[in-house]
**Student:** 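Sharing a structure with you now.
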Amino acid sequence: MENSNIDKITKDILQNSALELKNPDFNSIIMNKIISENRKQRFFYNSLLYMLIFIIFDIFIILLLKFFNINIFQSYPENDSLAIKILKTLNSLGDIVFGNSIIQYSIISLFIVFIVNKLSSSVFKHS
Amino acid sequence: MESLYIRKIIEGDVSKFSYFVESYKNMAFSIAFRIINNTEDAEEVVQDSFLKAFKSLSKFRKDSKFSTWFYKIVVNSSLSKIKKPRLDISSDIDLINEKEVIIENVGSAYKSLTLADQKKYIDIALGELNYEERLILSLYYLNENSIEEVSEITGIKKETIKMKLLRARKKMYIVLNEKLKSETKNIL
């Protein structure tokens, strides 16, 4: 018997060994897992993006402070307690951050980026 | 069409992945079941394989078919499930010519059975083969993969695949012949 004939008989026999998934929810289970995985990946990349933006923002602040020759670590009297020194430092830092229009603009920009990202995530979620 | 869908998925259109799930789920399940021999575990492996394929879709090189690449993931996941590191790639197989009479007899006796009985006997015969033989027979005869594709999916050399295929086929016919003989005796 020719090899092609044997192959044909074998193929005919094995056609009946085909299996089918009986679970009717299989497709939706997979797609839900994939959508969830996709969200995880997006969250991971977004986190990386935010981290990068904040690092750049920090560098920007440091450069700005250097540029304007602002020293946030002022010298305090010896008799001031550590808590008071920290409070005074935070207070001067607050003045620099919130009293400077460039930094205010940067914070607003970051806030806008955050809102746009949240909106796009929400649109993606419902699409 | 598949490459277009793959591009769209990578660009963020995840819904296009449902095309691949619909197209390949049954054959993937057949492959996993032939290795694992358990319905629930095979279904779980198919789910994991689709997820793995999605995660590494950007690494898929278009020099092979998506199905070949995906079935390779299914085979590896199934082997991990049954804790077998890989398929036996040795080629020291005794090559005995199949008796043509057996094949012809089995072929005609098998055809005379009802569809339900045909399914029953082929499942019994495949059940008596080892997982590797079942897998190679399914890929080559059921899914109609070429020897090259079977080799790529299983990681076994082409020459070895040819020999293993002959041995698996022979074994299947011997088992079918015995089972069908006893069936005929029962009827008489």
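We name chains A, B, ... by the order of the sequence lines, and we start the count at 1 in each one. Since we're looking at a predicted model, the values are computed, not measured.
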**Student:** Between B:F66 and B:W69, how do the two ring planes meet: parallel, tilted or perpendicular, split at 30° and 60°?
**Tutor:**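 Tilted: the ring planes of B:F66 and B:W69 meet at 30° to 60°.
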**Student:** Compute the centroid of each ring, for B:F54 and then for B:F17, and state whether the two points are separated by less than 6.0 Å.
**Tutor:**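 Under 6.0 Å, so yes.
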**Student:** Please classify the contact between B:S15 and chain A as side chain, backbone, both or neither, with a heavy-atom cut-off of under 4.5 Å.
**Tutor:**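 Backbone of B:S15 only, per the 4.5 Å heavy-atom cut-off to chain A.
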**Student:** Heavy-atom pairs under 4.5 Å with chain B are the metric here; pick the option from A:I30, A:N27, A:T10 that has the most.
**Tutor:**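 When all of A:I30, A:N27, A:T10 are compared, A:T10 has the most.
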**Student:** Following the transitive rule for hydrophobic clusters with a side-chain heavy-atom cut-off under 4.5 Å over Ile, Leu, Val, Met, Phe, Trp and Tyr, establish whether B:I174 and B:L129 coincide in one cluster.
**Tutor:**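 No.
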**Student:** Are B:F29 and A:F26 near enough that their ring centres are under 6.0 Å apart?
**Tutor:**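 No: the rings miss the under 6.0 Å criterion.
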**Student:** With B:F33 as reference, evaluate B:V46, B:T39, B:N38, B:L126 under the side-chain contact (heavy atoms from CB on, under 4.5 Å) test and give the passing residue.
**Tutor:**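 Only one option passes, and that is B:T39.
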**Student:** Tell me, for B:I122 versus chain A, whether the close heavy atoms (under 4.5 Å) come from the side chain, the backbone, both or neither.
**Tutor:**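 For B:I122, the contact with chain A is made by the side chain alone.
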**Student:** Name the member of B:K55, B:E144, B:Q47 that forms the most heavy-atom pairs with chain A at distances under 4.5 Å.
**Tutor:**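 The candidate making the most pairs under 4.5 Å is B:Q47.
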**Student:** I'd like to verify something: which residue of B:L51, B:N26, B:L137 has the highest number of heavy-atom pairs under 4.5 Å with chain A?
**Tutor:**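 When all of B:L51, B:N26, B:L137 are compared, B:N26 has the most.
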**Student:** Quick one: what part of B:R34 sits under 4.5 Å from any heavy atom of chain A, side chain, backbone, both or neither?
**Tutor:**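 Just its side chain gets close to chain A.
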**Student:** Just give me the residue among B:Q118, B:E22, B:M27, B:E43 that pairs up with chain A most often, heavy atom to heavy atom, under 4.5 Å.
**Tutor:**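 Going by pairs under 4.5 Å, I would pick B:E43.
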**Student:** Hey, quick one: are A:I35 and A:I29 part of the same hydrophobic cluster, counting side-chain heavy atoms closer than 4.5 Å, chains of contacts allowed?
**Tutor:**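 No, separate clusters.
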**Student:** Are B:V175 and B:Y141 connected in a single hydrophobic cluster, I mean Ile/Leu/Val/Met/Phe/Trp/Tyr linked by side-chain heavy atoms less than 4.5 Å apart?
**Tutor:**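 No, separate clusters.
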**Student:** Could you look at B:L176 and say if it's the side chain, the backbone, both or neither that has a heavy atom under 4.5 Å from chain A?
**Tutor:**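 For B:L176, side-chain heavy atoms alone lie under 4.5 Å from chain A.
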**Student:** Among B:S30, B:A42, B:A125, which has the most heavy-atom pairs under 4.5 Å with chain A?
**Tutor:**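 That would be B:S30.
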